[in-house]
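Only this structure's heavy atoms are used, side chains among them; waters, hydrogens and symmetry mates stay out. Since this is a predicted model, take the numbers as computed values, not measurements. Just so it is clear: chains get the letters A, B, ... in the order the sequence lines come, proteins before strands, and each one is counted from 1.
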6 protein chains.
Amino acid sequence: MPDQTPRFNQPLSGLEVPRFAGIATFMRLPHVPLNKARDLDIGFVGVPFDGGTTNRPGPRHAPRQMRDMSAFIRKVNPATRIEPYDLVNVADLGDCPVNPADVKDSLKRIERFFSRLVAKHIRPISAGGDHLVSYPILKALGRERPLGMVHFDAHTDLFEGYFGGFRLTHGTPFRRAIEDGVLDPKRVVQIGIRGSMYDYDDRDYAASVGVRIIDIEEFARLGVEATMKIAREVVGAGPTYVSFDIDGLDPAYAPGTGTPEIGGFTNREAMFMLRQLDGLDIVGADVVEVSPPFDPSGLTALNGVTLMWELLCVMAKKIAAGR
Amino acid sequence: MPDQTPRFNQPLSGLEVPRFAGIATFMRLPHVPLNKARDLDIGFVGVPFDGGTTNRPGPRHAPRQMRDMSAFIRKVNPATRIEPYDLVNVADLGDCPVNPADVKDSLKRIERFFSRLVAKHIRPISAGGDHLVSYPILKALGRERPLGMVHFDAHTDLFEGYFGGFRLTHGTPFRRAIEDGVLDPKRVVQIGIRGSMYDYDDRDYAASVGVRIIDIEEFARLGVEATMKIAREVVGAGPTYVSFDIDGLDPAYAPGTGTPEIGGFTNREAMFMLRQLDGLDIVGADVVEVSPPFDPSGLTALNGVTLMWELLCVMAKKIAAGR
Amino acid sequence: MPDQTPRFNQPLSGLEVPRFAGIATFMRLPHVPLNKARDLDIGFVGVPFDGGTTNRPGPRHAPRQMRDMSAFIRKVNPATRIEPYDLVNVADLGDCPVNPADVKDSLKRIERFFSRLVAKHIRPISAGGDHLVSYPILKALGRERPLGMVHFDAHTDLFEGYFGGFRLTHGTPFRRAIEDGVLDPKRVVQIGIRGSMYDYDDRDYAASVGVRIIDIEEFARLGVEATMKIAREVVGAGPTYVSFDIDGLDPAYAPGTGTPEIGGFTNREAMFMLRQLDGLDIVGADVVEVSPPFDPSGLTALNGVTLMWELLCVMAKKIAAGR
Amino acid sequence: MPDQTPRFNQPLSGLEVPRFAGIATFMRLPHVPLNKARDLDIGFVGVPFDGGTTNRPGPRHAPRQMRDMSAFIRKVNPATRIEPYDLVNVADLGDCPVNPADVKDSLKRIERFFSRLVAKHIRPISAGGDHLVSYPILKALGRERPLGMVHFDAHTDLFEGYFGGFRLTHGTPFRRAIEDGVLDPKRVVQIGIRGSMYDYDDRDYAASVGVRIIDIEEFARLGVEATMKIAREVVGAGPTYVSFDIDGLDPAYAPGTGTPEIGGFTNREAMFMLRQLDGLDIVGADVVEVSPPFDPSGLTALNGVTLMWELLCVMAKKIAAGR
Amino acid sequence: MPDQTPRFNQPLSGLEVPRFAGIATFMRLPHVPLNKARDLDIGFVGVPFDGGTTNRPGPRHAPRQMRDMSAFIRKVNPATRIEPYDLVNVADLGDCPVNPADVKDSLKRIERFFSRLVAKHIRPISAGGDHLVSYPILKALGRERPLGMVHFDAHTDLFEGYFGGFRLTHGTPFRRAIEDGVLDPKRVVQIGIRGSMYDYDDRDYAASVGVRIIDIEEFARLGVEATMKIAREVVGAGPTYVSFDIDGLDPAYAPGTGTPEIGGFTNREAMFMLRQLDGLDIVGADVVEVSPPFDPSGLTALNGVTLMWELLCVMAKKIAAGR
Amino acid sequence: MPDQTPRFNQPLSGLEVPRFAGIATFMRLPHVPLNKARDLDIGFVGVPFDGGTTNRPGPRHAPRQMRDMSAFIRKVNPATRIEPYDLVNVADLGDCPVNPADVKDSLKRIERFFSRLVAKHIRPISAGGDHLVSYPILKALGRERPLGMVHFDAHTDLFEGYFGGFRLTHGTPFRRAIEDGVLDPKRVVQIGIRGSMYDYDDRDYAASVGVRIIDIEEFARLGVEATMKIAREVVGAGPTYVSFDIDGLDPAYAPGTGTPEIGGFTNREAMFMLRQLDGLDIVGADVVEVSPPFDPSGLTALNGVTLMWELLCVMAKKIAAGR
């Protein structure tokens, strides 16, 4: 028990209240509705939307399961020596409003919600939702100037469309974001890409606009350190977004996802890569495509929230260093 | 082994090819694409669509799991002494085209597909999909004259809308069908309705247009026989549709569904009720809302396909009697 | 959408915010920490404790899963025509403090917490936890005068002790409560008792102090109505507690529990029985022994929270009638 | 703790050693290899064989899971007031030898093993294994004179053969046993028969030899008491075998089985029926077709071992009465 | 959408028909019964047989689950730049006939079926079934001249027999094939062998006939590249069979199998090894021992079908190069 | 089949009795109650206790599931060429007595049981149970002189206490053992430590008393060989205990555990590390924290028992070498 009131929000300790008890919030932090948010540096947000999913739905249920599993996370990161809640003020902002019956209306609601975070200078770490949710988030965060992005995924999500013209699916968010000018393709790196494909449309597009792809074969050759050296060079010092599609992990680590592709990252590889983001100016991040109905064990969600925790640590360190 | 070629399509026998072997089709019948269908009386159809789902998605995966579990069904119904494949010609017509990225486009595709069945005088028994799929099916089947309906469900699905105006969800199909004049509310009976509610809007609407509701409490008092006597009186001799939402069953029998409500039918009650449809002029039927991701055991799907089998039997008997 | 501010707390509507979205609270009601509770009639409480479990642990995880599944419950009970949130003020009071490392300390914390509810005139509906949690709750609620009890269970929980003298387990709470004078054995009825036994010690004790046992065989003969007529006569008009051990349900309905016994209630029987508590002076209630690790599907929790909802309805009606 | 040494083997008490602890044996009785068995009245036997299964294999794993779940069973049956371990001497005889690579060799091994029980005057209660195991057991038990049988099942298991002439499968045991003269068809009653069929071959055979079938429809009309009155009349006072195929239960109660058919018994119905066997001269019994790979929850096995317990009780009472 | 009719069979695209829709076939290719097969280069075949299994059965269900999961596979392999459906003509030939009640009869049926493929010059990629199915396939493919083999597995499957003389089990296929002269032991390499053993009988046999074993310890030292260099040297340029037992993967990647051994390949290692088969004259291949009842999640099947896809790619490239 | 009676206990061979048959014991060895144990070198023991668990209970069920899965293990270790049952005499001693209702009483019972093993010169390899069970085992084994320890785990389990003073939990055993002088901190090495933390209390304590921690980051840099070289140096030639917490494995390999932390060992890494214990004087070992309710597939238990097998092999070799 601390002998003085901490400066920032603190997670409920498992040494005082057991981890299985209490209302479930991200990292056991206080739930602060956005309209009451004051002096927050970073906000956890759930985006319970999977209207962009073309095969196996389910990510709409992810925020709730990820909040539940986040009770496993404590407050000190011994590997990086970061204690984020001493550095920055963080809260669970609850779930972003969505409309499960309408894709476009949902995208508007998401963009509006994240724009309010931007206005309040809160950097989001969100839990999807399918990958389409990254698109309105990028529109909110990149409105002032295009962002760079470190993107972990089995897929490029740079497709033109599906089913004869439907352009808003979980396979298209970053093409849309580049077209809208909120994402700078020359500052985008995609890591872990793999799996069979329909054609080379997305890869050709990536090449044409300057997106750097490190597919799983190149990653296997390079290893974690060299891969992340490239990633840091691509995004540079500018404002950067981090998007982690849980299907970047191998399906043995993330069975609960909609589009599994074998041969992916181990969670150890993933965790070590995120730590190498140290020093980047990360303005927001997400972990998406966790699909609880396909993983009642919660393993996928546990991996997802631990990756959110590692993201929190590097972001907190950078913010504190800049004060 | 029959000593002469049967007149109609026959299911693959488990005595000749083991049930676990072979491409999975409904009831192990031949797969006949609709454009090649000739002289069929009844067609099994999958409708892999759940774009109308407001909470837990999944029924898009139902046709495939239901085909798999249908390998358990044989060809003689000893309880009713019906042998449908000697009476009528039946096939698996495959899955109706849908667009997982667009609700309205999907409804058009479904209506068009079922209109082609109507033109070929094939009566459909379809496996949803969420309950919204009944709406375009009813539009195709009821275009000439409004249909009656025997409807088994935990919910009336007579709601006006969701989320501030979205009128096409799995809670609204029958209100839309009545408004469109393809369903005659005075010839509609709904059995098994239960569960907590937002308000009485759907019940008031039912009362105002003449839909007869037998909620689970009344069913528990009446029993199977008296309930079905009322049902037969409501729909009368006219053309009638049968819609069975699997959440009409209790969640112990159907855990794999999106909106479970406790206190529902046992599968024995359900099976006995369907047999009492004997003699009605059933022009089409569906079993909807089976959601495989929430039931890897396949129990829900097994119940669903067995109910389709019972529907097949009563429909076959009536068709043969009318020849 | 209501045209005026409701008088009491209202659950978040699934028509406005999808049921899968948002922080999970009981019935989607506001989370009101006990020290901020004002003018509440009824409080939902989680008691995440299973230190009294002698075989399969797990109920410590129940409050969180039950909150999650309670998103399925809406606000109108059409069977009984009760709309509880128009009648009384209800909130989720969060989880009662417990100590997973010490049984006696936990019992003290639970008693203290519920005593504070009594002081604030809030009637609890709690979600266990194993059945031992009923003991400190009864001590808090029955301190002024002994309570009657309607008890649904497969077991009497009237045992003397386990493992050579351990007297505080989930098989002993009501013997302890009777010994302490907080439970009046002549006003206790136990319904659904069944299963093999070690000996007749508990039944002999029940007979000696006047507890009325309706075992499953008698229940099967009597049916719901006659059973509940007896139950109402036993407890009479005095202050009464209701305790529902989920293993009262058959294991097909409640696989997620520690001591399943076959041949139990269907959930329809259970639901109809609770409705017959109408008019009793229920001062508190619990649903215990839901064990999520043994039921990842959530079926057991769904049954549990729906029973909590039915309890809420009868309690709300009685409170409102008494104002 | 008893104040004197009991006369017969006693199960390990859950009040002394927790139910989850210890080597798993049936009912927590001593494991007594058959060659060391002395003065036993009844022996529990596992028959881990599923070589007769034509669709979903798995019952070979049943004895082990059923031993595990049998830890839930205690020693007093309060409904029937029977305490079997005070009446007769019972042990777990281990698993009967089988050969998973050869059906005929397995049948010989099973018959030989059960013949040794007969020679030692031990009445078996066995846990299959698929239903074919009943055939060699009947050959061992009925060699001296044909047996009567009360048979609970969804299927008659009276088929001639499968796959063009294979006559030894789990669908043929009782036809073989009747042909061999070890089962007296006029003293056989089959209860719960249902499900779709290939043809009427088995029913015609049953009629021709005098087997009495009470299908699920007749059972639903008659109820438990009238059904069992008929059953007792059919088998009369002569030596009788009881065979319970777990698929007699509805798949909601027994998802873990190879050939589920919907509309079956509840476990309450099953339990009450077995109690009505009171007074019959049961020379052996089995519970078969539990298939653990299709039910990781263990619900099916729990139902199976509880039915074995009820069989033990009625058999023990009769044996003790005859001494 | 292609602007001209493709030369060869094409899989149904997930961009046109959603992956969850439609009858399930391997890779969503047309189902072409063998007697109608014309001008096919490669045929996918299911072999739903597990009669050779000595412990946990289940692979009979594998073809159906693997067809279902194969909907995830598309048509371009970006890592190897191979587009197989532009190079060769491929179809799903359905399931090979088997007899679940008789091992020897099944082996004859399998051999006959694959002999027909040989006669039609179709190279099979089959999905078992247990590993015994490789034996009749090798007899059909190796009749003209003995084959070499690259064999991925945890076990050598070179045993003499089981249970006192049973020589046809899933542990003996390759010893039988060597004895029959259809497999050339000097051109056989086995990779990934590990796990505890009964004795050294199989290893001694391997050494005596010249089979090269690379156990998991040697593999861990060598890595993928050096391992496959050895493999290519062993089999050389002659006709070669590839057999992949899914238990070669670690059980974390393949829980659904009958004889798991820890310490196996990751799927990334497996995938990279198969790509190194490039240039070999592969006349047939199989992936066996996927057991769905032990993995309802489908992860094992997903890994299995993806390995079939990689095999297809290297085989197609070689065939096209040889035209 | 051996031509002469073996000198020591032999496991039941899967070539004679199928692995799924028979009463389940560790490694299919004879069950020898401790009071009948004679001339044993090594004893397998179950410790079905999880009273020290602070979050997700379940390890009380581990011994039974681990016995079941141990049927997969045979008797020759080809990687290390060790055949333990030819070297030493081993048996399954059954489960150690515990009291699920009282932590302190359980610790006393465990210490007493293991003291009896010490008196009989039997070295234990035990299956927990939660990690607190290592404490009384160490007290029994280290009474004469403090032990060294090689400890594989995600956590140091060197905490002072939980929940305000509770000092006996699964997070504290080794601090207690060091305080009691039964564990020599200078001869303790902990491998695999990782995960977020409450504070540095445990690490500071480790540093202050001389415990060597190799966290997962250091392990990833060093690799298996260098890590184990350090480990062997730390413990030296003195008497040494080995404790393997299954959560040392990554949750993809061990989902069934109470406190999963991502980024852990693969089972290949774990297996290779245990083999490097060759030559140490291991006086006892345990594998703890397997929690079956969170892993119905049994994968976690399979990994656990295979690690016990590797421990058996190195211990047997050393004992035989010393005779």
Side-chain angles (χ1 to χ4, degrees), chain C residues 53-57 154-156 159-166 169 171-172 192-204 206 213 215-221 247 249-267 269 291 293-297 299-300, chain D residues 1-2 10-11 13-21 27 69-86 223-225 249-255 264-272 274-275 295-307 309-310 312-313:
Chain C
T53 304
T54 54
N55 186 2
R56 306 199 299 185
H155 314 91
T156 65
F159 290 92
E160 174 53 29
Y162 278 72
F163 307 113
F166 289 87
T169 79
T172 64
I193 307 305
R194 64 188 186 278
S196 59
M197 293 160 56
Y198 297 121
D199 53 39
Y200 289 97
D201 168 62
D202 63 326
R203 301 237 178 166
D204 293 343
I213 291 176
D215 61 22
I216 203 72
E217 286 77 19
E218 186 175 3
F219 168 77
R221 279 192 307 274
D247 71 25
L249 294 183
D250 190 83
Y253 295 82
T257 196
T259 320
E261 308 285 352
I262 80 170
F265 306 131
T266 67
N267 52 19
E269 290 168 343
S291 184
F294 292 89
D295 182 11
S297 79
L299 169 64
T300 312
Chain D
M1 269 126 287
Q10 295 296 311
S13 168
L15 294 177
E16 290 172 55
V17 177
R19 298 194 201 175
F20 48 79
M27 312 294 172
M69 297 306 283
S70 77
F72 281 111
I73 313 283
R74 304 174 200 83
K75 70 195 179 82
V76 174
N77 189 330
T80 61
R81 310 295 292 189
I82 301 173
E83 305 187 25
Y85 308 113
D86 290 352
V224 163
E225 301 254 332
L249 294 182
D250 190 83
Y253 295 82
F265 306 131
T266 68
N267 52 18
R268 200 196 283 168
E269 290 168 344
M271 197 163 53
F272 285 10
L274 293 188
R275 288 177 188 163
D295 181 11
S297 79
L299 168 64
T300 313
L302 175 68
N303 277 303
V305 293
T306 310
L307 298 179
W309 156 254
E310 294 287 347
L312 171 66
C313 289

Closest heavy-atom pair and its distance - [X], [Y]:
| X | Y | result |
| --- | --- | --- |
| C:Ala252 | D:Ala252 | CB-O, 3.7 Å |
| C:Gly263 | D:Met271 | CA-CE, 3.8 Å |
| C:Glu261 | D:Arg74 | OE2-NH2, 2.9 Å |
| D:Lys75 | C:Tyr198 | CE-O, 3.5 Å |

Is the closest side-chain heavy-atom distance between [X] and [Y] below 4.5 Å?
| X | Y | result |
| --- | --- | --- |
| C:Ile262 | D:Arg268 | no |
| C:Ser196 | D:Ile73 | yes |
| D:Asn267 | C:Asp250 | yes |

Using non-hydrogen atoms and a 4.5 Å limit, figure out which bit of [X] sits close to chain D: side chain, backbone, both or neither.
| X | answer |
| --- | --- |
| C:Asn55 | both |
| C:Arg56 | side chain |
| C:Pro255 | neither |
| C:Pro260 | both |

D:Arg81 to C:Tyr200, cation-pi by 6.0 Å centre distance and 45° axis angle: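 Ring-cation test returns yes.
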Structural part of D:Glu83 lying under 4.5 Å from a heavy atom of chain C: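 Contact with chain C is through the side chain of D:Glu83 alone.
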Under 4.5 Å from any heavy atom of chain C - which part of D:Asn77: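 Only the backbone of D:Asn77 comes within 4.5 Å of chain C.
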Which residues share a salt bridge (charged side-chain N to carboxylate O under 4.0 Å, His left out) with D:Arg275, sequence neighbours left out: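 Expected list: C:Glu217, D:Glu310.
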Winner by heavy-atom pair count (cut-off under 4.5 Å) against chain C, out of D:Trp309, D:Phe72, D:Tyr253: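 Heavy-atom pair counts peak at D:Phe72.
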